[in-house]
Every structure is written in C-alpha cells, then in structure tokens.
Novice: 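Would you mind keeping the following structure in view while I ask a few things?
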Amino acid sequence: MKRSPGPGRPARASCKRTASDPLVVQKDGIFRDVHMVLIPGGGILEKQLQIWCRKVTALGGSCRTLSSGPTTADVIDVATHIAAATTARLEQRMEKVELVGRAARAVAVSFKWLEECLASAAQVPVDNFLLREVGWYEHDKEGPTGSEQPGTAGGACPAPLMEHVTAKAASPGYEPLPLPTSGLSLPLNNSLSLDDSTNCPALSHPSPSNDRVQREGTACGVRAGSDGSDDEAGPCVRDALQARGARGGSREERLQEWMRTEVALRRQGRPREEGAETQDGCEASQYPEVDDESTLEGAEGDIPLDLNEHITRHLRELKDIYEALGDEWRALTYRRAVGVLERLSFRIASAEQLAGVMGVGQQVRDKVKEILGTGRLAKLDSLQSDAKLRVLRLFSSVFGVGAKTALELYSRGHRSLADLRGDPSLSRQAQLGLRYYEEIGAKMSRDDVARIHALVQAQAESICPGVSCEVTGSYRRGRIMCGDVDFLVTHPDGKSHRGLLARLHQRLTAIGFLMADLRSFDDDDQGGGALCQTYLGMCRLPGTDDHRRIDIKVYSAAVYACALVHFTGNEVFNRKVRFFALQTGFKLSEYGLFPVTKIGKRKFVDKTSLPCATERDVFAHLGLEYLEPHERNW
DNA sequence: AGGCGGTACTG
DNA sequence: CAGTACC
DNA sequence: GCCT
C-alpha cells in the first residue's frame, strides 16, 4: 500500500494487495488458556500443523510444533495440551525427545479434538479425544505394550483413534465439513461418513511430492467414439464422475481423488509424456482444417469427443441465453451440467442414468428426458423464438454492454445494432464495442498472434531491456484460433516494470499499433510499486487494416507465477483449481497463493503468499501434478 | 436460505 | 456501488 | 438451477 489510493477511487487500493483478513488474535478466544504442542507424523503434514498453530494462536492460545528446531523441554513444561495423530505417534515422539514425565500437567489429545473445537468454535470436552494421559509415562516406562486403550483393538492402523469416531456426531454445534459443492462434478454424495478424517496414515494435506497421478487411472482407452459402440468402456476415470455410494477415505483424500480425476480427464491418452513446449514457435500451418476449439495437441486426437453432443448442444444454448439475460447462476448451472455430460464415457440412453450425478439435478434431468424423447426442448424453442430475447442477446454481445444495459436499450425502443449507433447514452466502451463489433467477434490464427507478439516484445525490449513479455490466454494453451492477444509483462529485477505500461502504451500508440483504448490503466506516476496494471484495447493486425482485441498486463515479478497461472486459464480450470485450493486451506488468486485459516465460520487469509517463483511451485504447493498450458483447456 | 472464483476499471 | 470485463 |  505504498501508493495512496487516490481520492475517489478507493477500489484501487485492493489492487496492491489481496484483500485478506489479518490474523487477528482474539485474546479472549476459545483457546485462551491453552498452551499446545503438536506432534508431527501419523500422516499429518507439516503444512497442516502450521495451519492449526495459527488457528490456536488466533484464538488466544499458544502453540508450538515439535518438529522444528530444538524444542525443548520448557515448552513441554508449560504445555496444557499435547496433540498427536495417534498414541503410537505420541509415544514415539515423546521418548525420542526425552520428555517422558515432564508433561504432567498436559493432557494428550488427538488432533480430532482440535478439529472439533475449531469446527464448533468452542473448546469441547477432551474426554472422547484422550490419547493417553501424558502422566501415564511416569509410571510405566515399559511402554505401551500391555495397555491397549479400550476401543483401539488393533487393525491395520497403528493405534488409530477408533474410539473417537463417534465424537463428532455427538458434539453439539458440530457442523459437517462442507463438501465440495456445486456442479464442480465432485463425484461424491452426502452420505459419506465424516468421522474418519485422520484415522489411517497418509491423509491430511496434499503433498507436493507424492501425489503423482496414477497413470493407469488414465489408461481407459475410451478414446471416445473409437468405435461406434455405446458403452462397455470398462473402468474409466470418466465414469468416476458419476460414481455413487459410500466411499472410503478422508475428506482430504476424497478431494485429492476428485482433483486427480479432473486432472486425469485432461491427460487422457496424452500422446507424449512431456514433450514439445506449446509455448511459442509452434506453427499452426502444420495442422490444417481444424476448428476453433482445437489445440495443437487436440489436432493429434487427444480431446475426447462428446458422446452426448445431441443433448449438450441444447443445454449449451440454454446456458448462452441465461448468460445474455444476466441470470448468472442459472448459466453457471448449465455450464456445469454440460461440463459433466459432455465427458460421460457413454451415450445417455435414459435420463435415469443421471441420477446422482453431481451438478445435474431434477430439472436438468427432465430436460434430458425431453430431448431424448422428442429431440427438442420446448423451453428452448420458445426462448429462441422470442423476439425480445433475440435482441437482448444481440445487444449484450457488444463489448461494454451487459444484461442490464441491453434491457435498458431495448426499453428505449432500440431493436438493432444500427439503432444503437446514434445513442449518446452509450458508454464510451460500448461505443467502441459497436465500432469494432465484427472485428472483436473475429478470431485470428496463431501466426497472427505470433506476429503481434514479436512486435510488442521488440517495443517493450527497446523501452525496458530485459523485460519478459509473454502471450497467455488461449494462445498459450495451444489453441489454433485465438479471440484476442493477452500479454503478461514483467521484469525479472522486480522493479523495472513500474511505469512500464504507460511507456509501452505510449509507444505502441505512437507507432500506430494500438488503435483504441477499451479500458485504460491507472497511470498514476510515482511508480510506488503497484503489483499490477491492466490495459484492454484494440490493435492493428500487422499487415492488414483489421483490428483485434489486445490485453496487456504488467505485473511485478513477485506475483508473476500466480498471474501466469491465472491468465493462462482457462476459466473452468481456474474455478476448479481455486475451489480445490480453498477446500485444502489456500486461497489462490493472480496475486499469490495464501494459506487460509478457518475458525468457526470465519476465515483468515494470510497476508503473505507462499513463495511461488514458477507455475510449478503453485501446483506443487497445492499438491497437484503440474499441467502444461495445453492441458488446462478444461 | 445462502452460496456459487477472484479481481480491476468505469461512471 | 452497480455494471462489465478478464482468465 | 444445484447443493448444503
């Protein structure tokens, strides 16, 4: 926040820094008299321990993990609670640290107690979560052998917390952990038991290193449509999308599995293991006759076909209509439903087959049934033949005109784009949107983008040597045709990007390349260190008199990797990754990857991002396998 | 009933 | 603040 | 419109 936001433009303030609740310590919080020590291991990752530490501290307690550094007897001496995953873990650790007997005051609890307290925003009784009283060690140095806890009777898991599994349900104020929701096609239903979260090893947090996607999981050769046969695909990740019924695993495991499934879906039948960068020098001309949605990879047959296109095309149209009408959430629902249906491994024979598929509810099922029966959708027919709706869709296809403005224009009596041209009430943006209407709607080849890239990069370099100037968006994802050019600019020295956009804009305008500004940037001088600046405009397509959309974003090197992930997209990928991040304790934005602490209903977002120097770091922190840009066409 | 991604510019 | 846009 |  080095620059003053500037009077009258408070929104600018949030550009510098992601809005995040500071980690306020509630001195009177539920842990006010708690001094906790966390024992690592038992499948709980360091990251999770740190998150818990923050929570405890925020709620008035103190907390240390026994992992780092020379810890120490004095910490144990004052501890009131010692938390571990399992009794075995606790014993092992305490013996190693030679603290046996030093913690007479402390009570040993399982992490589930901690989770329980946090979930219910109250300090719940420890009774059901006792591991073993630490004082026990004083009297029984021989160790645990003869003394099985009631209920821990052996299983595969070392001294698991079996006796605690009922505690959550019994606890007042317990609220179920929110499952991934809403049409992100999480293949889970709600009948899962939530009480097994930390039982067996290796759950908890995603681990950067050991979460490689299983190849065989992707090996289902559906290759959709390889032969005309309807089904009989065998076990296939695509079908995991509609799996039902109770499944094992903790919430984290299920999230991981969900995300792995999503990732695997996009990697199906990848022809090469790693291979050619899709980045720059790929020549589109090698792949003639491909449609807009193709990628360089896709041209080699690696995009699964939609076996239910005859259904999804109707639903897609509904989605477009609701978007134009500004019914954001209905549109979102249809987009999600389409996203699920279009990658089913079988051709839908009956709407009943969709029972239980996440993101497809009764009303969408009814529509599927109608389409299967009649080949049509009455609702869609009536919407499409609605003259007013057609006009609204037309108007909202103009840059700068959304649902509200479209309606307003209609109510003024406008019925065509020609009617709009004279209307002085149009915003400046909308007037430009009108002027460039056809060109904004047109696409361009990768060759065109490459030429624009060369031109802009050369200018940027001459202004600011050493600058990094990358084209993101659909081009970076390997699309054959691109609707715009989307630059992400930074300077590796972390400083020289300041004020660069203004100079670049000036230069590109002076040489007749930038033709119109659709949205300008805050060119307030004094380059205090803004994290970002954004420009949207129209540029001349080199060698022609055509114009195309161009975006230029200048970001500080510190946030470049996250910005690159963000602007490479696509949107669906961003939504799902961000959702996954949130569910596993992070907030991902173009400005960084921030640990999130949830206390009761309130969330605290760390002010400092985890260090992400490259895109790979972002994926690794989240425990996700790295995806090449062309694998993010979700 | 309330949420659904996270953010930046315009007017 | 509401509207629109970006991925 | 779907999910919790």
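Only a predicted model underlies this, so the values are computations on that prediction, with no experimental measurement involved. In what follows, every chain begins at residue 1, and chains take the letters A, B, ... in the order their sequences are listed.
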Novice: Using heavy atoms to find the nearest nucleotide of DNA chain B for A:E328 and A:S520 separately, return the residue whose nucleotide is more 5′.
Specialist: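 Whichever sits nearer the 5' end wins; that is A:E328.
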Novice: How close or far is atom P of B:dT7 from atom NE2 of A:H566, stated in whole angstroms?
Specialist: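 That distance rounds to 9 Å.
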Novice: Could you work out which one of C:dG3, C:dC7, C:dC6 sits closest to the side chain of A:R477?
Specialist: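 My answer, after comparing the listed nucleotides, is C:dC7.
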Novice: Identify whether any heavy atom of A:V401 sits under 4.0 Å from a base atom; if not, whether one sits that close to sugar-phosphate; answer base, sugar-phosphate or nothing.
Specialist: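 If one applies the 4.0 Å heavy-atom cut-off, A:V401 turns out to touch the sugar-phosphate alone, with no base involved.
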Novice: Choosing from C:dT4, C:dC6, B:dC4, which nucleotide comes nearest the side chain of A:R336?
Specialist: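 Of all the options, the side chain of A:R336 is nearest to B:dC4.
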Novice: Do A:R330 side-chain and D:dG1 base share a donor-acceptor contact under 3.5 Å?
Specialist: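 No, no donor-acceptor pair under 3.5 Å.
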Novice: Consider the side chain of A:T333, meaning its heavy atoms from C-beta on, and name the nucleotide among D:dG1, B:dG5, D:dT4 that approaches it most closely.
Specialist: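 Between D:dG1, B:dG5, D:dT4, the one nearest the side chain of A:T333 would be D:dG1.
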Novice: To the nearest Å, give me how far apart CG (A:D551) and P (C:dC6) are.
Specialist: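 About 7 Å, once rounded to whole Å.
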Novice: Find the distance A:F579:CZ to B:dG5:P and express it as a whole number of Å.
Specialist: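 Going from A:F579 (CZ) to B:dG5 (P), I get 9 Å.
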Novice: Taking only Lys NZ, Arg NE, NH1 and NH2, and the carboxylate oxygens of Asp or Glu, determine whether A:E317 and A:R393 approach each other closer than 4.0 Å.
Specialist: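 Here A:E317 pairs with A:R393 in a salt bridge, since their nearest N and O are under 4.0 Å apart.
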Novice: Take the protein atom CZ of A:R365 and the nucleotide atom C1' of D:dG1, then report the distance between them rounded to whole Å.
Specialist: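 Whole-Å distance recorded here is 12 Å.
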Novice: Closest nucleotide of DNA chain B for A:R578 versus for A:S427: which of these residues is on the 5' side?
Specialist: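 Residue closer to the 5' terminus by nearest nucleotide: A:R578.
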Novice: Determine the contact category for A:T405: base if any of its heavy atoms lies under 4.0 Å from a base atom, sugar-phosphate if only primed atoms, P, OP1 or OP2 are that close, otherwise nothing.
Specialist: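 Answer is sugar-phosphate: A:T405 comes under 4.0 Å of backbone atoms only.
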Novice: Once rounded to the nearest 0.5 Å, what's the spacing between atom CG of A:L383 and atom CG of A:L325?
Specialist: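 One gets 7.5 Å once the value is rounded to the nearest 0.5 Å.
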Novice: Can you tell me how far P of B:dT7 sits from CD of A:Q533, to the nearest Å?
Specialist: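 In whole Å, B:dT7 P lies 18 Å from A:Q533 CD.
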Novice: Contact class for A:L588 vs. all strands (heavy atom < 4.0 Å): base, sugar-phosphate, or nothing?
Specialist: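 Sugar-phosphate, backbone atoms only, no base.
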Novice: Looking at A:R549, I'd like to know whether one of its side-chain N or O atoms comes within less than 4.0 Å of OP1 or OP2 on C:dC6.
Specialist: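 Answer yes for this pair, as a side-chain N or O of A:R549 is under 4.0 Å from OP1 or OP2.
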Novice: Remember a base hit wins even if backbone is also touched, and classify A:E571 as base, sugar-phosphate or nothing at under 4.0 Å, heavy atoms.
Specialist: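 Counting heavy atoms under 4.0 Å across all strands, the contact made by A:E571 includes a base.
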Novice: Taking any heavy-atom pair under 4.0 Å as a contact, classify A:A403: base, sugar-phosphate, or nothing.
Specialist: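 Answer is sugar-phosphate: A:A403 comes under 4.0 Å of backbone atoms only.
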Novice: Taking only residues two or more places apart in sequence or in another chain, which ones pass side chain to side chain donor-acceptor pair (under 3.5 Å) with A:E571?
Specialist: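 Side chain to side chain donor-acceptor pair (under 3.5 Å) list for A:E571, sorted by chain: A:R335, A:R575.
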Novice: Does D:dC2 have OP1 or OP2 sitting under 4.0 Å from an N or O in the side chain of A:Q362?
Specialist: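 A:Q362 to D:dC2 OP1/OP2: no side-chain N or O under 4.0 Å.
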Novice: Classify the side-chain pair A:Q506/A:R503 by whether it contains a donor and acceptor separated by less than 3.5 Å.
Specialist: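 On atom types as modelled, these side chains do not qualify, holding no pair under 3.5 Å.
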